[in-house]
Amino acid sequence: MDRRRFLRNLLSGATALAIAPALLRGEHAFAGDPARFADGLREHPWLAGWKSVQSETLGPATVSLEGRLPAGFAGTLYRNGPAWTERAGFRYEHWFDGDGMVHGWRFNGDGTLTHHARMVATPKFTREQKAGKFLYPVAGTTIPGMQAIRNNDDANTANTSVTMINGRLFALCEAGSAFELDPDQLTTLGPVTWRPDLAAIPFSAHPLVDRDGSSWNFGSISMLGGNGLMVWHVGRDGVLASADVLETPVPGYLHSFAMTDRHLVFVLIPFRYAEGSGAFFERLRFQQDQALRIAVVDKASPSVARWFEADFAAIYHFGDAFERDGRIVVRAVQHPDVEDARSPMKAAMSGQAEAHGGQGPVRELLLDLRSGRARWEDTGVAGIEFPVFDARTPSSGPARLYAPVHASASTAPYFNGIGAFDIARGRRQVHDFGPDVLVEEHLFVPRPGSRRPDEGWLVGTLLDGKRGRSGIAVFDARRVDAGPVAQAWLPYTVPLGFHGHFAAR
């Protein structure tokens, strides 16, 4: 196949205009009620995690640190997540719909921390700010009277993650281009085109950094109405090294992927579209009676896959992956409730306390490279999400996982602790923040000059709705159960986000 011709055809006018009908179009509005959410927030202060911002910026606010930062810990934690979810009496129903706000939590080196945040000025956000109402399609809520879009970047919310490549900061989402930001001011510089013929091809929200400092990522061509994956490889200098189309035999949903030293692993979750109109997640139905299709891709040949099948699982996030004895082992967090997987924390978006999330197990996907067979094995760990690990861990064996966890009874149906899990040895450490604190992703930060895996710290964000404050905590990764070595609290709350990046200095 002529890859460039394929891409030209894919991005022709007919296909570019087809993205809205294929994935995002709807004819009837099923919006949440802002007044109902406000009523719920008054009764349940933890719902501040899903409250819409009403300002394009937050802060800057400088606060004192409690405790003491360890020597060598310095830098900025960038975080991204949906923040603008209400306009003109209309509220999004799906958590993934809100326009992205990027936060900078800067450790100043003098015992203080400064927080500031800014909305990502995508074309969608900028035009809707001017209009005072939502205009364009989103992933999970039908918009009344929405306008047509030219390509997927007209609907790009840039709301899921951030990454930094060669000092350049990017806001990412599943279905569109990366948006570059100024790392100091967080102002939006614009969408990134890695190569002229690849404009608007999705650059997904979970790039993985290889040992040579380059980054691998994918873009789901199903977001453009077709099948296949774009496999991206960006050098540590921020220049595109390669972009290859991986053909897929069937449609499949994927949010992230896994990587070993030699292979990329893409897990396609089977789904179909329900009849009728509606946004992507409104129409999506996971097919539990069908097998996962798993592509194992050698990094030396990104357009070629060896395909495996395994029992169905709904997955958003993977932990580590490693190769040993002719097998690839991939850790994944499964979502047993496929309706919850289709719209996580949906009740919270509507101001209801009956939401539930993060109860699924961590399981290992075993891919036997000799027999071509795949199967799942239990790990005994459950009730976590957003797992991370020290990427310096050799990929010949398992890594220690770090993740938010349900540590004890809490006022909110969300994580209230942070855990460290040595699955291979059956060991765990957990710190419980108490019943009123919601705990987000905590990233691993290597100790400067260290080489041994897990020598470093965890840093992540918190929400204390009862006291009306958001915060940040730093842990010694080897002694998570000892509690934070330092933390700080803002005099205001910010919406819960999804993923971040720590830029050391």
Side-chain angles (χ1 to χ4, degrees), residues 37-38 40-55 58-59 61 63 65-66 77-86 95-96 98 100-105 113-117 159-162 344-358 383-386 388 402-419 430-443 458-475 483-484 486-500 502:
F37 179 84
L41 177 60
R42 282 190 287 270
E43 186 174 354
H44 305 288
W46 57 265
L47 285 169
W50 290 267
K51 180 183 177 182
S52 180
V53 299
Q54 297 298 324
S55 171
L58 297 175
V63 295
L65 286 163
E66 304 168 10
L77 174 66
Y78 296 101
R79 292 272 301 166
N80 193 2
W84 206 296
T85 55
E86 295 180 7
W95 193 8
F96 299 173
M101 172 175 266
V102 172
H103 303 254
W105 300 76
L113 173 138
T114 298
H115 169 266
H116 69 130
N159 69 359
T160 307
S161 186
V162 284
M345 300 298 292
K346 181 177 181 179
M349 283 295 293
S350 300
Q352 302 173 50
E354 294 76 17
H356 62 91
I384 75 166
E385 246 296 5
F386 309 115
V388 303
Y402 304 97
V405 61
H406 293 278
S408 63
S410 61
T411 55
Y414 205 73
F415 310 106
N416 66 337
I418 191 73
V430 173
H431 174 71
D432 186 345
F433 279 94
D436 299 316
V437 175
L438 283 66
V439 179
E440 300 192 90
E441 173 192 75
H442 278 52
L443 298 179
L458 302 180
V459 59
T461 45
L462 315 166
L463 170 66
D464 183 346
K466 183 176 181 180
R467 294 171 178 82
R469 59 185 188 171
S470 289
I472 192 168
V474 179
F475 289 82
Q487 60 184 352
W489 294 97
L490 303 176
Y492 49 82
T493 63
V494 303
L496 293 181
F498 293 134
H499 302 290
F502 187 80

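For clarity, every value in this text was computed on a predicted model and none was experimentally measured.
Applying the side chain to side chain contact (heavy atoms under 4.5 Å, CB included) test between His442 and each of Leu462, Val474, Leu77, Ile472 identifies Leu462 as the sole match.
Minimum heavy-atom separation, Pro491 to Val63: CD-CG1, 4.1 Å. In plain terms, the two heavy atoms of Thr85 and Lys51 that are nearest each other are OG1-C, 4.5 Å. Across all non-hydrogen atoms, the minimal contact from Arg469 to Thr493 is N-CG2, 3.3 Å. Minimum heavy-atom separation, Leu490 to Trp105: CD1-CH2, 3.5 Å.
Under the side chain to side chain donor-acceptor pair (under 3.5 Å) criterion, His44 pairs with no residue, sequence neighbours left out. Residues that satisfy the side chain to side chain contact (heavy atoms under 4.5 Å, CB included) test with Glu440, not counting sequence neighbours, are Arg79, Thr461, Leu496. In terms of the ring pair (Phe, Tyr, Trp, His ring centres under 6.0 Å) criterion, Tyr78 has no residue partners (sequence neighbours excluded). For Gln352, the side chain to side chain contact (heavy atoms under 4.5 Å, CB included) test picks out Arg36, Ala347, Ser350, Glu354, with sequence neighbours left out. With sequence neighbours excluded, the residues satisfying ring pair (Phe, Tyr, Trp, His ring centres under 6.0 Å) with His103 are His115. Annotation: side chain to side chain contact (heavy atoms under 4.5 Å, CB included) contacts of His116 (sequence neighbours excluded): Pro60, Leu186. By the side chain to side chain contact (heavy atoms under 4.5 Å, CB included) test, Pro495 pairs with Val53, Ala83, sequence neighbours left out. Residues meeting the ring pair (Phe, Tyr, Trp, His ring centres under 6.0 Å) test with Phe502, sequence neighbours left out: Phe73. Every side chain to side chain donor-acceptor pair (under 3.5 Å) that Glu86 has, sequence neighbours left out, goes to Arg91.
Annotation: side chain of Phe475 is in contact with side chain of His431 (closest heavy-atom distance under 4.5 Å). Between Trp95 and Pro82 the shortest side-chain heavy-atom distance falls below 4.5 Å. Within the 4.5 Å cutoff, the side chain of Ser161 has no heavy atoms near those of the Asn80 side chain. Contact check for Leu65 versus Trp489: no side-chain heavy atoms found under the 4.5 Å cut-off. Contact of the Leu458 side chain with the Leu443 side chain is not registered, since no non-hydrogen atoms from C-beta on lie closer than 4.5 Å. Side-chain contact between Val162 and His499 is absent, with no heavy atoms from C-beta onward closer than 4.5 Å.
Summarising the geometry, atom CG belonging to Leu438 is positioned 10.0 Å from atom CZ belonging to Phe415; distances are rounded to the nearest 0.5 Å. The CZ atom of Phe433 sits 6.0 Å away from atom CD of Gln487, with the distance rounded to the nearest 0.5 Å. Here the OG atom belonging to Ser55 is positioned 6.5 Å from the CE atom belonging to Met101, to the nearest 0.5 angstrom.
Annotation: Gln54, atom CD; neighbour count of heavy atoms from other residues, nucleotides and ligands within 6.0 Å is above 12.
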Inset, instruction - Evaluate side-chain contact (heavy atoms from CB on, under 4.5 Å) for Phe37 paired with Met349, printing each intermediate quantity in order. - result: CA-CA 7 Å; Phe37 179 84; Met349 283 295 293; over 6 Å; no
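Side-chain atoms of Asp464 never come within 3.5 Å of backbone atoms of Val437 as a donor-acceptor pair (strictly under, hydrogens ignored).
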Taking only distance into account, with no hydrogens and no angle test, what donor-acceptor pairs under 3.5 Å do side-chain atoms of residues 402-413 form with protein atoms, sequence neighbours excluded?
residue : atom : partner : partner atom : Å
Tyr402  : OH   : Arg400  : NH1          : 3.3
Tyr402  : OH   : Asp454  : OD1          : 2.7
His406  : NE2  : Gly357  : O            : 3.0
His406  : NE2  : Gly358  : O            : 3.4
His406  : NE2  : Gln359  : NE2          : 3.4
Ser408  : OG   : Asn416  : ND2          : 3.2
Ser408  : OG   : Asp432  : OD1          : 3.4
Ser408  : OG   : Asp432  : OD2          : 2.6
Ser410  : OG   : Ala412  : O            : 2.6
Thr411  : OG1  : Pro435  : O            : 2.9
Thr411  : OG1  : Asp436  : OD1          : 3.2

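Classification of the Phe498-Phe96 ring pair by plane angle, with boundaries at 30° and 60°, yields perpendicular.
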